[in-house]
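Numbers restart at 1 for each chain; the letters A, B, ... are given by sequence-line order, proteins then strands.
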Amino acid sequence: MHLRKAKLMFFYTRYPNSGILKIYFPDVSFNKNNTAQLVKWFSNFREFYYIQMEKYARQAVADGCSSADELTVARDSELYRHLNLHYNRNNQIESPESFRMVVEQTLREFFRAIYNKRDIESSWKKAIYKVIARMDEPLPDFFKSANWMEQLGEV
DNA sequence: GGCCCCCCTG
DNA sequence: CAGGGGGGCC
């Protein structure tokens, strides 16, 4: 289907349900299979996202950072560029400032958990997931355009 | 049952 | 990323 488009949507929503996904893929005739596949994609997107976030948070702790407030994520930082490369290869769109903030918040959440030794608990990431899930935003209307991707001139 | 999430693999 | 398993919630 539209993998590249789905990845760009991740900039705005990390936890889209099948209902809204169907709205933003008007040119797709959904069935059980491709619906599950699309939902699965976002699950995979999240896993990649959280793995990177945890890695950088642990690095910050190892580097001696003692406060989440000290952690910032700039658009030209290694972490942000890494994420952008994954979700927005070739810079098809300009990532929204809101995503940068979500990344920064996520990094801080992971940092606090690790710094406070909460990561020894069984499902310590669950709480973080809930926080991030609340930061989803409505998707821009241009995603509804069936030929929008083609207009970007990308394969 | 259906839908969704996470976890772990390959 | 896809597959498969486990568990939660209608």
* To do: Tell me whether the OP1 or OP2 atom of dC7(B) has a side-chain N or O from Tyr50(A) closer than 4.0 Å.
  => no

Atom CZ of Arg89(A) and atom P of dC1(C) are separated, to the nearest Å, by 9 Å

- Task: Examine dC1(C): is either OP1 or OP2 under 4.0 Å from a nitrogen or oxygen in the side chain of Lys7(A)? Give yes or no.
- Result: yes

Item to complete: For Ser123(A), answer base if it contacts any base atom (sugar-phosphate contacts may also be present), sugar-phosphate if it contacts only those atoms, and nothing otherwise; contact means non-hydrogen atoms under 4.0 Å.
Response: nothing

Q. Does the side chain of Lys32(A) get closer than 4.0 angstrom to OP1 or OP2 of dC3(B) through an N or O atom?
A. yes

note: Asn17(A), atom CG; dC3(B), atom P; distance rounded to Å ~ 12 Å

From OH of Tyr49(A) across to C1' of dC5(B) the rounded distance in Å is 18 Å

Whole-Å distance, Asp136(A) CG to dC5(B) C1', equals 14 Å

Exercise. Got a donor-acceptor contact below 3.5 angstrom from the Arg118(A) side chain to the Lys125(A) backbone?
Worked result: no

query = Looking at Ser43(A), does any N or O in its side chain come under 4.0 Å of the phosphate oxygens OP1/OP2 on dC4(B)?
reply = no

Phe48(A) atom CZ is separated from dC8(B) atom C1', nearest whole Å, by 18 Å

Could you tell me whether Arg46(A) sits above the aromatic face of Tyr15(A), with NZ or CZ closer than 6.0 angstrom to the six-membered ring centre and within 45 degrees of the axis? yes

message = Heavy atoms only, 4.0 Å cut-off, all strands: where does Lys126(A) land among base, sugar-phosphate and nothing?
response = sugar-phosphate

### Flag side-chain contact, heavy atom, 4.5 Å: Lys144(A) against Ile23(A)
yes

When rounded to whole Å, the CZ to C1' distance for the pair Phe10(A) and dC1(C) reads 14 Å

Here the distance between atom P of dG3(C) and atom CG of Asn34(A), to the nearest Å, is 13 Å

Rounding to 0.5 Å, atoms CZ (Phe11(A)) and CG (Leu139(A)) come to a distance of 12.5 Å

Partner of His82(A) under ring pair (Phe, Tyr, Trp, His ring centres under 6.0 Å), picked from Tyr56(A), Tyr49(A), Phe48(A), is Phe48(A)

inquiry  = So, does Tyr15(A) get its side chain near the phosphate of dC3(B), meaning an N or O under 4.0 Å from OP1 or OP2?
reply    = no

Q | Phosphate OP1/OP2 of dC1(C) contacted by Gln37(A) side-chain N/O (<4.0 Å) | A | no

Between CH2 of Trp41(A) and C1' of dA2(C) the distance, given in whole Å, is 11 Å

